[in-house]
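These values consider heavy atoms only, across backbone and side chains, with no hydrogens, waters or symmetry-generated copies.
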Amino acid sequence: MLSVLTGLLLTLLAYGLATWLFSRSGHFPLLNPVLVATALIILCLWLFDIDYTRYMQGAHYLSLLLGPATVALAVPIAMHGRTIKKRLRPITLALIVSSLVAVCSSVGLAWLMGADRAILIGLSVKAATMPIALELADSLGGVIPLTAAFVFFTGILGATIGPFIFKWMNIQHDDMRGLAMGVTSHVIGTASEFKHSQEAGSYASLGMSLNGIFTAIVIPVLYYLLF
């Protein structure tokens with residue numbers, strides 16, 4: 001029982017502290033709760049010599065909520081359904097272009113550098129949300145832990161540097177920034193956009209959902225054509 005509570009309580013306490021720090025900092029992007037909580041958990045596991053397997057005995061209960069939480073993001077999409085429907089054509093075009101650029105740039109660069117098949121598969125699905133990316137990687141013969149790491153760092157990178165890019169490029173429209181964050185940084189970026197505004201979060205949810213569907217259709221086709 002103690003082993004189960006160790007991972008569960010450590011995760012909840014780390015995320016609670018990270019959320020508090022994020023709020024106190026005025027939502028400073030580099031203090032993203034997921035990033036800070038992850039760093040705190042790694043530090044605790046190292047300091048107290050807690051085995052990862054023991055930690056996951058409790059922490060895996062929280063990971064079971066990942067799928068339902070992702071599905072629940074359909075609620076804000078429905079709330080802005082009329083507005084989204086009016087902009088469906090530019091949204092679809094932006095989705096296709098950004099998804100293809102994300103896949104081709106990362107996979108192409110890795111291929112030129114001589115990366116093996118497992119890395120290429122992980123990179124090809126990294127922009128999709130975690131449940132979809134892991135299922136795709138598993139069906140294509142990829143390495144699940146490696147794919148999970150790519151997906152995680154993609155989300156963290158987008159959530160932390162995305163706001164700085166929006167400010168530098170003077171992007172002030174919530175629909176534009178939300179869609180961009182959702183397509184490139186999936187659920188972690190989407191969560192960060194809800195801190196900005198409800199509209200930005202809704203468009204991020206839309207971008208994440210559509211990109212997940214698009215990736216699930218296109219990647220297997222490209223894989224069997226290339227391999």
Side-chain angles (χ1 to χ4, degrees), residues 11 15 18-19 21-23 25-38 62-81 83-85 87-88 90-92 94-99 101-103 106 125-136 147-167 169 171-216 219:
T11 304
Y15 190 76
T19 303
L21 289 173
F22 187 58
S23 178
S25 69
H27 299 159
F28 185 59
L30 293 180
L31 291 179
N32 183 278
V34 177
L35 176 61
V36 174
T38 301
L62 293 174
S63 66
L64 295 176
L65 301 175
L66 183 60
T70 303
V71 174
L73 291 174
V75 175
I77 296 177
M79 292 174 59
H80 293 82
T83 305
I84 291 172
K85 187 177 181 180
R87 303 172 181 175
L88 195 56
I91 287 174
T92 303
L95 167 72
I96 294 174
V97 173
S98 59
S99 296
V101 168
V103 172
S106 58
V125 301
K126 66 179 177 55
T129 189
M130 189 70 78
I132 296 177
L134 296 185
E135 286 294 330
L136 274 175
T147 302
F150 284 145
V151 175
F152 174 77
F153 284 111
T154 298
I156 285 294
L157 186 62
T160 52
I161 71 171
F164 294 109
I165 295 176
F166 294 144
K167 184 177 181 179
M169 299 184 67
I171 297 177
Q172 301 179 0
H173 297 284
D174 288 347
D175 54 348
M176 294 173 62
R177 62 174 290 156
L179 187 67
M181 189 69 82
V183 170
T184 57
S185 303
H186 45 79
V187 71
I188 300 177
T190 297
S192 70
E193 283 305 290
F194 275 108
K195 300 291 185 180
H196 180 75
S197 74
Q198 183 71 29
E199 184 179 7
S202 299
Y203 275 91
S205 300
L206 177 67
M208 180 194 68
S209 303
L210 293 179
N211 185 55
I213 296 172
F214 183 79
T215 302
I219 295 302

Sequence neighbours excluded, which residues qualify as side chain to side chain contact (heavy atoms under 4.5 Å, CB included) partners of [X]?
X    : answer
A94  : L179
T11  : I41, Y55, A59, L62
S185 : M181
F164 : F28, P29, L30

[X]: side-chain hydrogen bond (donor to acceptor under 3.5 Å, both in side chains) partners, not counting sequence neighbours:
X    : result
S202 : H80
S98  : none
S99  : N211

Are any of the side-chain heavy atoms of I91 and L210 separated by less than 4.5 Å?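 Result yes, sub-4.5 Å side-chain heavy-atom pair found.
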For H27, give me all partners under ring-ring contact (aromatic ring centres under 6.0 Å, His included), at least two apart in sequence or on another chain. F22
Can you list everything that forms a ring-ring contact (aromatic ring centres under 6.0 Å, His included) with F214? Sequence neighbours excluded, please.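 ring-ring contact (aromatic ring centres under 6.0 Å, His included) list for F214, sorted by chain: empty.
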Validation: residues 150-159 side-chain donor-acceptor distances under 3.5 Å, sequence neighbours left out:
{"residue": "T154", "atom": "OG1", "partner": "F150", "partner atom": "O", "Å": "2.7"}

Pairwise distance [atom1]([X]) to [atom2]([Y]) - rounded to 0.5 angstrom:
X    : Y    : atom1 : atom2 : answer
L136 : K126 : CG    : NZ    : 14.0 Å
L21  : N32  : CG    : CG    : 12.0 Å
F166 : I161 : CZ    : CD1   : 10.0 Å
T19  : L31  : OG1   : CG    : 11.5 Å
T147 : M130 : OG1   : CE    : 9.5 Å

Looking at every non-hydrogen atom in both residues, tell me the closest pair between [X] and [Y] and how far apart they are.
X    : Y    : value
S106 : V103 : OG-O, 3.3 Å
I132 : A216 : CG2-CB, 4.3 Å
I171 : M176 : CG2-CB, 4.2 Å
A18  : A37  : CB-N, 3.7 Å

Carefully, step by step, assess L95 and V183 under the rule side-chain contact (heavy atoms from CB on, under 4.5 Å). CA-CA 7 Å; L95 167 72; V183 170; 4.1 Å; yes
Could you check whether any side-chain N or O of S205 sits under 3.5 Å from a backbone N or O of G201, counting only pairs where one atom can act as donor and the other as acceptor? yes
Pairs in or reaching into residues 194-205: which pass salt bridge (charged side-chain N to carboxylate O under 4.0 Å, His left out), with residues at least two apart or in two chains?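 Listed by first then second residue: nothing to list.
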Of all pairs that satisfy salt bridge (charged side-chain N to carboxylate O under 4.0 Å, His left out), the ones with a partner from residues 171-182, not counting sequence neighbours: R87-D175, R177-E193
